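Let me begin by presenting the structure, written as structure tokens, before commenting on it.
Quick caveat, the model's predicted, so the values are computed rather than measured. Order of the sequence lines sets the chain letters (A, B, ...), proteins ahead of strands, with each chain counted from 1.
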Amino acid sequence: MAVMHEAAHEEHKLGFLQRYVFSQDHKIIGIQYMMTSLFMAAVGGVLAMLIRMELGWPGARWGLAKWLFPGGFTGDGTLKPDFYLAVVTMHGSIMIFFVLTTALSGGFGNFLIPLTIGARDMAFPFMNMLSYWLYPPAIVVLLASFFVAGGAPNAGWTAYPPLSALYNPATGTGLAAPGSGLGQSLWLVSLAILIVSFLFGSLNYITTVLQLRTRGMSMGRMPLVTWAQFTTAILMLLSFPVLFAAVVMLLFDRHLGTSFFVPSGLVVGGQLVTHQGGNPLLWQHLFWFLGHPEVYVLILPPMGIVSEILAVHGRKPIFGYKAMVASICAIAFLSFLVWGHHMFTSGMNPLVGTAFMVTTLAIAIPSAVKTFNWVATLWRARIHFTPAMLFAIGFVSLFVTGGLTGIFLGSPAVDVYFQDTFFVVAHFHFVMASAALFGLFGGLYHWFPKMFGRMMDERLGKLHFWLTFVGIYATFFPMHFLGMAGEPRRYYSPQMYDFLRGLSGLNMFVSLAAFGLGLAQLIFAYNFIRSLFRGPKAEGNPWHANTLEWQADSPPPHGNWGATLPTVHRWPYDYSVPGATEDYIPQTVPVTAAVVAGGALHHPVQGGAPDEPPTTDLNSA
Amino acid sequence: MAEIPAATGERRTGRLLASLIVVMIVFGGVGMTLLARRYWWLLPVASAHGVDVDRLIYTTFVVTGIVFVLVHILIAAFVWRFGARGTERAAYWHDDRTLELTYTLVPAAVLVTLISMGAVVWARVHGPAPADSMVVEVRGEQFGWLFRYPGPDGIFGRVDPARISPKDNPMGLDPADPASADDLVTRELHLAVNRPVRVRIRSKDVLHSFFIPAFRVKQDAVPGMTVEIWFTPTREGTYEIACAELCGIGHYIMRGKVMVESADAVQTWLAQQSH
Ligand code: HEM
Ligand SMILES: [Cu+2]
Ligand SMILES: [Cu+2]
């Protein structure tokens, strides 16, 4: 236990910088990730509002916005088409990589993994610190692209070449679009930096889970939130290097004269391009080999978070724990085999399309199992409708809605019609963006007391939920119909086409709903910031939860546990056990000290771990 | 202070949430879909395989619609009923092999059905084109479409990107190739009704996507590749071609037109073009 004492002493010795800025404590790093991601969420959210301004009232004049974004508007206040594309690109890139990945994996992963498995910290605390500190430079590089010649990239978050690849060194702007100049290069460099950060993080998570579980914490007793983080880290470790390679190759194509993605004989802006022999589809394959696992990187952690919240605030064991773990693993595995469903219209062989249809619809099965397990968890629960619980239930609804539209898109003949229309925008905003956001909010309301030692305001939290839930459906549900009618995405204005004329009313409605949704987030911001300073002090275990993090102080001290590490004696979901004195039995309570019902004790998965000496239980009881 | 909120208000909140789900999501969703069918819907279908695609869309719509309504009603019912009350406890119920197996196998069966139906339509869409098909070439560029008919010899002449000149030779035809002499390059696409057409899709510069909403046709134009698709227009009229793959700042104005008319009318129009 010498290590521990050192840790405890260290805390007093560390200066402010080492404690709160260049900290190696996983909790501080998690909070740093979270705060930075929330800041980026505000940036990405403002960009979303700009998108909806333009699509609601194409070509309208916006006096005020002109002053806020001087370069992006013409003198009379209309948004410029290239700025519009820059905004769409940055909105998508920021939300996916700089908000959701960083908040869910970097934020919750860092904070929760060591605490839920009874470790004092990550396996490699220094690398963990590096992982966080690569993130702000990546942001600076990314946002700098707004200020260089040609502006921020125009090629979408998918950055398909040749549009993104052709660069004019003489002017510093792009050949095929203004934003494909220096801005696109900065975007690529920024992603490369961020990927390194993710790899440091994920290596750390995997090692920590495998090596640092406390006594009795077998894999089969890990809470689902930890299982989700663990699997996500594996996904990230395997898929992000592929994007890294693609990013470097694209940078080479742009600046060093290689030609991985650009074929011979292109004529752009009246000029014959000198590249030879590349293939644009190669980028799409590489990009989506990451891109599809990436959407599971965004959704698995919320799935874990929601499983936790439903059990704790429903006072009931999660239904089908083993099926939940199995489906997390199945989803993670299958997610590597479905990337081609983004390429049904790309010109790849139709037979390959058939194969990807099968894998894609196969992934719907474990997703359905998870959904039904959550619903079954609600049956005969005793639900406490805290803000966390409301967001968790909202998550299930959003995931169902978004998942079902995925069945359309997974079928290639149908996807041919919907590909690159607003139907896709609706689909992924439900299943990935909104669902992940609900996981994030739910998780914040749930773990805020643990992170900051204070409670958030319940009434404001509920108000935030009602407005966000209604706002999300009002914003994104009608987008399905825009897509039904055929409105393509990434259009500066849909009014050039006769067949899209009838959609302007619906587009205005969507925009108004989006503004409302955006405004509702101010309630959260206010509640969050106020509670940080003024919230009532939280107890160690305000929700009466079983998992280990709730058995530590709020917030847990440096090193997390007092003199001895906790010992785990049971699975995390002993809620409402018949005959027990309380309606929850923390994982640290020995089997002999509290009744165990339902046969969980003798369960091969949920029962005793091999590394758990049975005698200690008796003694400590 | 920091304790589990008293269980008194829980049922009220649960009922509010349940009502919201039923009214907003179930009735709102279904109602809006009915409204959408009148105002914001697929264009009337105007191609042969579009009919199959639409059938698949509607089947998927019905299946997913039923699941959407049922699951939401289930959630609403549970949320309505199972709000915490006093100190009453939840059921300690966490596994049920039969139930879990049911909701693994039933979705699996439904999905296998949908996969099979989807595979059939997809194979038909991408099956070999009928021998009597007409052939046209479509080339995307920033920001418009160019079409080429092979002329009486039925052969597309060689093109050379270096020869492209916007005014005189937008397609970059190579005069050294005799087959290019009778090629017809146009800015409009005219197709014969009920005659299958093979469309060879190319791009001059970046990715584009050849999208004819009324035909349920979409195919990316990939630089460096020629991708061929075929379809059969079934109704005379004028239809819009849109670009569905981001291609630069003019992506949203990259509009084209297809005229579907009688075979004679197409011949007459072609004859006019060659003069
Ligand atoms: C206030 C909430 C949001 C609104 C109103 C909103 C709105 C939009 C709209 C209208 C587009 C389509 C633009 C177009 O294709 O023309 C879009 C694109 C996108 N959004 Fe959002 N969004 C929101 C939140 C999010 C979140 C939380 C994510 C997180 C994943 C996200 C990810 C994306 C992505 C990846 C794209 C595609 C960008 C591209 O085409 O390159 N959005 N958003
Ligand atoms: Cu995917
Ligand atoms: Cu385009």
Would you check if [X] and [Y] make a side-chain contact, meaning some heavy-atom pair closer than 4.5 Å?
X: B/Ile25; Y: A/Tyr473; result: yes
X: A/His480; Y: B/Met32; result: no
X: A/Thr405; Y: B/Phe68; result: no
X: B/Val71; Y: A/Phe372; result: yes

* Largest heavy-atom contact set with chain A, pairs under 4.5 Å, which of B/Tyr239, B/Tyr103, B/Phe215 ->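 Most pairs with chain A among the choices: B/Tyr103.
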
With only heavy atoms counted, which part of [X] is less than 4.5 Å from chain B, the side chain, the backbone, both or neither?
X: A/Tyr497; result: both
X: A/Pro412; result: both
X: A/Gln271; result: neither
X: A/Ser576; result: both
X: A/Trp374; result: neither

Is there a donor-acceptor pair closer than 3.5 Å between any side-chain N or O of [X] and the backbone N or O of [Y]?
X: B/Gln142; Y: A/Ala176; value: yes
X: B/Arg89; Y: A/Pro578; value: no
X: B/Glu240; Y: A/Phe499; value: yes
X: A/Trp379; Y: B/Phe78; value: no
X: B/Lys218; Y: A/Tyr417; value: yes

* Step by step, work out the side-chain contact (heavy atoms from CB on, under 4.5 Å) result for A/Val416 and B/Val217. => CA-CA 7 Å; A/Val416 161; B/Val217 161; 5.8 Å; no

* How are the rings of B/Tyr92 and A/Trp571 set to each other: parallel, tilted or perpendicular (split at 30° and 60°)? ->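 Because their plane-to-plane angle is over 60°, the rings of B/Tyr92 and A/Trp571 count as perpendicular.
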
* Asked: chain B: which of A/Val369, A/Asp82, A/Val268 shares the most heavy-atom pairs with it under 4.5 Å?
  ->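 Going by pairs under 4.5 Å, I would pick A/Val369.
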
* Best-contacting candidate, A/Leu272, A/Ile365, A/Leu163, against chain B by heavy atom pairs under 4.5 angstrom ->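 Greatest number of close heavy-atom pairs with chain B: A/Leu163.
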
* To do: Identify, with sequence neighbours excluded, every residue that meets salt bridge (Lys or Arg N to Asp or Glu O under 4.0 Å) alongside B/Arg81.
  =>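 Here no residue qualifies.
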
* Worked check of salt bridge (Lys or Arg N to Asp or Glu O under 4.0 Å) between B/Lys257 and A/Asp498 -> CA-CA 11 Å; B/Lys257 264 204 263 179; A/Asp498 294 335; over 6 Å; no

* For B/Ser165, is it the side chain, the backbone, both, or neither that has a heavy atom closer than 4.5 Å to a heavy atom of chain A? ->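 Neither part; nothing is under 4.5 Å.
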
* To do: Apply side-chain contact (heavy atoms from CB on, under 4.5 Å) to the pair A/Phe385 and B/Val79, showing each step before the final yes or no.
  => CA-CA 9 Å; A/Phe385 291 99; B/Val79 163; 3.7 Å; yes

* **Inter-residue atom distance B/Ile57.CD1 - A/Phe418.CZ, 0.5 Å rounding** =>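 Separation between the atoms: 4.5 Å.
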
